[in-house]
Amino acid sequence: MPARTAAWRHALGAAAAAAACTGAAFAGADRSDAQQTGEFGPAPVRYEPYVPPPKPAAQRPVRLDAKTLAQLALEQNAEVLYARLQSRVSEQAAEAETGLYMPIAYANLRREGRNRQRTVEERLTAALGGITRLNEHVLAGEAGVRVKAPSGAEVALAWRSNQRRSNVIASASFATGDSEATGALVLSLRQPLLRGAGRDVVETDLRVARYERDIGSWQFRQQVLRIGSEALSAYWQLWRARSTQALRRAALDNAQETAEDVKSRVDGGRLPPAALDEATAVLSARRAELARGQQALFDAEAKVRVLLDLPPDDAGWTLADPELDAPAPARELAALAERLPDVEAAWPPLRMALLKREQADARMRLAYSKKLPALDVQASYSSNSLTYGPLDAAIKATQGRNPDWTIGVAMEVPLGGDRRAQAEYRAQQLRVEQSALEVHSVRQALASDYFNRAAQFGELGRELAQLREELTAREQLEAGVRDQFALGATPRNRLLRLQADVLDARLRYIDGASRWALARVALQLVDGSLLAAHDVQLIE
């Protein structure tokens, strides 16, 4: 009872001292310090939100051509910027997995105290049986390094120290103090032999993350190609809308002159009244075509404004004269098939499908490993020391004295089989089959699309050449009749009719040129030459 009373007094005295120190600390703190540290302790660290860099400012093109529009759209489009950030996220996720084999340093410190009655067995077996109470304090610590090996093994090297102070130690006749210290330098190894063994299993997360990084890079490239092709398509639609609108205005003027000429002829009795109705119908059709063309022009300009992030009232860009000459692609199947491997290597959907299949293979190897029984080799070796001080124990533990070693095998086999692991393995087999099917489907679709685009571009090139020949012939015919009209050898109605034919031929030529240009964009998109043809370099 006296010993217990003394212990309680000691504990209460320590608590009172701690409370006094705490009160003094709060009493000496002013109001601002209390607000900064908080009422019951230090305030948490303030989180500073991430502020992204500003988006590139929208640039209004002074002179707009296909290359300029594509470059500006890729620089300012929000979807391209988002895809670039997503690619960087995947890159950082892969970087996070590279620390798989980095060594891990660890340490722990523990203090223990006990004051209890000694048991009968302790008193009977001890030489100092007269001591009825045990008053002991222990300070234990451990520090070491742990590392994972590619084989799946876990290796750890640690130093352990334990200092014990006890009234029993002090009561021994041979004791020089009331404490003893033990130290140990321990090397431990755990090597899986079946489940979890091998580099393929250990590096699954790392390889999957790297595949995901590559997929993110190809997704960014796919987004760039999509926005680039949309920008080029918008440019050619704008060029066609503007060019055809100018021709439709000229065609409307021609129809008005024709109607006036027919009216004068009807009034003079040289044409029947039905001729005037026909001329009026043509004039109304030209006006309707002009209105329809104006709507197409508004739509084309709106697409360009969206791509360049321009305000709704921005318009009137000067269009550069387009280049409508390009070498015709090869149409022979042998030549196309020879270039097909390069096309496949540059096609983002196919590359992503191949990476997803490799991801599925890596995950299937891990799923197969989980099916196996757990069979591990566990071994450890340590050198131990026992002295009166922790520093001496640590020094002597490194000298290799008093060795202690263990080696064993641990096995774990689920009775009836691991149904969850087997189901995961079967599911992963199906995912591998899905990925292989996707690769085959994308490759077949790419080959078919490539051959089709090349054939269409070749045919549209020949059609454009024919339209150019037709336009040249009609312009020459119209020039000859215009000279005859100036000499009074040809009536005005024939000249007006030929001028209308020339305008229609120009409309057909512009329409054919725009379709040819869009087919070229589609072919460049498929064969991987779109970015290089427009001086675009990817910086991820």
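Starting from 1, each residue takes its place in the sequence as its number. Both backbone and side-chain heavy atoms feed into the values below; hydrogens, waters and symmetry mates do not.
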* Closest heavy-atom pair and its distance - Leu538, Phe220 -> CD2-CE2, 4.1 Å
* Donor-acceptor pair, Arg351 side chain versus Ala345 backbone, under 3.5 Å? -> yes
* Asked: Do you know which two heavy atoms are closest between Ala93 and Ala209, and how far apart they sit?
  -> O-CB, 4.2 Å
* Main-chain N/O of Ala367 paired to Glu424 side chain as donor or acceptor, under 3.5 Å -> no
* To do: For the residue pair Gln294 and Gln245, confirm or rule out a side-chain donor-acceptor distance under 3.5 Å.
  => yes
* Given side chains that start at C-beta, do those of Leu308 and Asn77 come closer than 4.5 Å, heavy atoms only? -> no
* To do: Indicate whether the side chain of Thr68 and that of Asp65 have a donor and an acceptor atom separated by less than 3.5 Å.
  => yes
* Asked: Can you find a heavy atom in the side chain of Arg146 that is under 4.5 Å from one in the side chain of Val155?
  -> no
* Are any side-chain N or O atoms of Gln359 and backbone N or O atoms of Val208, one a donor and one an acceptor, separated by less than 3.5 Å? -> yes
* Check whether any side-chain N or O of Arg305 sits under 3.5 Å from a backbone N or O of Pro312 as a donor-acceptor pair, and report yes or no. => yes
* Asked: Would you call Asp200-Arg207 a salt bridge at under 4.0 Å N-O?
  -> yes
* Any side-chain heavy atom of Arg249 within less than 4.5 Å of one from Leu252? -> no
* More than 12 heavy atoms of other residues, nucleotides or ligands under 6.0 Å from CD of Glu433: is that the case? -> no
* Asked: Of all residues at least two apart in sequence or in a different chain, which pass the ring-ring contact (aromatic ring centres under 6.0 Å, His included) check with Tyr450?
  -> none
* Would you give the length of the straight line joining atom CH2 of Trp347 to atom CG of Leu446, rounded to the nearest 0.5 angstrom? => 6.5 Å
* Search all heavy atoms of Ser151 against all heavy atoms of Val202 and return the closest pair with its distance. => C-CG2, 4.3 Å
* Can any side-chain N or O of Ser217 pair as donor or acceptor with the backbone N or O of Arg213 at less than 3.5 Å? -> no
* Answer yes if the side chains of Gln237 and Arg240 hold a donor-acceptor pair under 3.5 Å, and no otherwise. => no
* To do: Answer yes or no: does atom OH of Tyr82 have more than 12 heavy-atom neighbours from other residues, nucleotides or ligands under 6.0 Å?
  => no
* Does a sphere of radius 6.0 Å around CD in Gln422 hold more than 12 heavy atoms from other residues, nucleotides or ligands, not counting ones at 6.0 Å or beyond? -> yes
* Asked: What is the minimum heavy-atom distance between Gly216 and Ser90, and which atoms define it?
  -> CA-OG, 4.3 Å
* Should the heavy atoms of other residues, nucleotides or ligands under 6.0 Å from OH of Tyr368 be counted, would the total exceed 12? -> no
* Reported CD-to-OG distance for the pair Gln428 and Ser435, which is rounded to 0.5 angstrom -> 8.5 Å
* **Glu278 atom CD: more than 12 heavy-atom contacts under 6.0 Å** => no
* Asked: Side chains of Leu336 and Val343: does their closest heavy-atom pair fall under 4.5 Å?
  -> no
* Is the backbone N or O of Trp236 less than 3.5 Å from a side-chain atom of Ser514, with the two atoms forming a donor-acceptor pair by type? -> no
* Asked: Are any side-chain N or O atoms of Ser229 and backbone N or O atoms of Arg226, one a donor and one an acceptor, separated by less than 3.5 Å?
  -> yes
* Asked: Taking it one step at a time, do Asn493 and Val262 satisfy side-chain contact (heavy atoms from CB on, under 4.5 Å)?
  -> CA-CA 8 Å; Asn493 63 340; Val262 170; over 6 Å; no
* Residue pair Asp267, Lys263: steps toward the salt bridge (Lys or Arg N to Asp or Glu O under 4.0 Å) verdict -> CA-CA 6 Å; Asp267 294 341; Lys263 185 176 183 303; 3.1 Å; yes
* To do: Rounded to the nearest 0.5 Å, what's the gap from CE on Met364 to CG on Leu430? Could you check?
  => 11.0 Å
* Asked: So, do Leu531 and Leu225 sit near enough that their side-chain heavy atoms are less than 4.5 Å apart?
  -> yes
* **Stepwise side-chain contact (heavy atoms from CB on, under 4.5 Å) test for His534 and Gln524** => CA-CA 10 Å; His534 296 85; Gln524 290 173 343; 3.4 Å; yes
* Stepwise side-chain contact (heavy atoms from CB on, under 4.5 Å) check, Thr98 with Arg210 -> CA-CA 9 Å; Thr98 57; Arg210 287 177 175 174; 4.2 Å; yes
* Structure fact -> Correct closest heavy-atom pair for Lys148 and Tyr101 would be O-CD2, 3.1 Å
* Go through the steps for Lys370 and Val201 under the test side-chain contact (heavy atoms from CB on, under 4.5 Å), then give the verdict. => CA-CA 9 Å; Lys370 291 181 179 180; Val201 176; over 6 Å; no
* With the threshold set at 4.0 Å, does a side-chain nitrogen-carboxylate oxygen contact exist between Lys67 and Asp535? -> yes
* Does Gln219 reach the main-chain N or O of Ser87 with its side chain, forming a donor-acceptor pair under 3.5 Å? -> no
* **Electrostatic pair Arg88-Glu91, nearest N-O below 4.0 angstrom** => no
* **SB check Arg357 Glu438 (cutoff 4.0 Å)** => no
* Asked: Taking C-beta and beyond as the side chain, do Arg497 and Thr258 meet within less than 4.5 Å on heavy atoms?
  -> no
* Asked: With a 4.5 Å limit on heavy-atom distance, are the side chains of Ile104 and Val147 in contact?
  -> no
* Donor-acceptor pair, side chain of Arg474 and main chain of Val502, under 3.5 angstrom -> no
* To do: List the steps, then state whether salt bridge (Lys or Arg N to Asp or Glu O under 4.0 Å) holds for Asp299 with Lys303.
  => CA-CA 6 Å; Asp299 291 340; Lys303 289 181 180 179; over 6 Å; no
* Rounded distance [0.5 Å steps], CG in Asn254 versus CG in Leu498 -> 10.0 Å
* Is a side-chain donor or acceptor of Ser441 paired with a backbone partner of Leu437 at a separation under 3.5 angstrom? -> no
* Determine whether more than 12 heavy atoms belonging to other residues, nucleotides or ligands lie under 6.0 Å from atom CZ of Arg420. => no
* Structure fact -> Value for CG (Leu467) from CZ (Arg506), rounded to nearest 0.5 Å, stands at 14.0 Å
* Structure fact -> Value for CD (Gln476) from OG1 (Thr472), rounded to nearest 0.5 Å, stands at 6.5 Å
* Asked: Is a salt bridge present between Arg286 and Asp504, judged by a nitrogen-to-oxygen distance below 4.0 Å?
  -> yes
* Asked: If we only count heavy atoms from C-beta on, is the Val145 to Tyr106 side-chain gap below 4.5 Å?
  -> no
* Asked: Does a donor on one side chain sit under 3.5 Å from an acceptor on the other, for Tyr509 and Glu469?
  -> no
* Structure fact -> In short, Gln191 meets Gly152 closest at the heavy-atom pair NE2-C, 4.4 Å
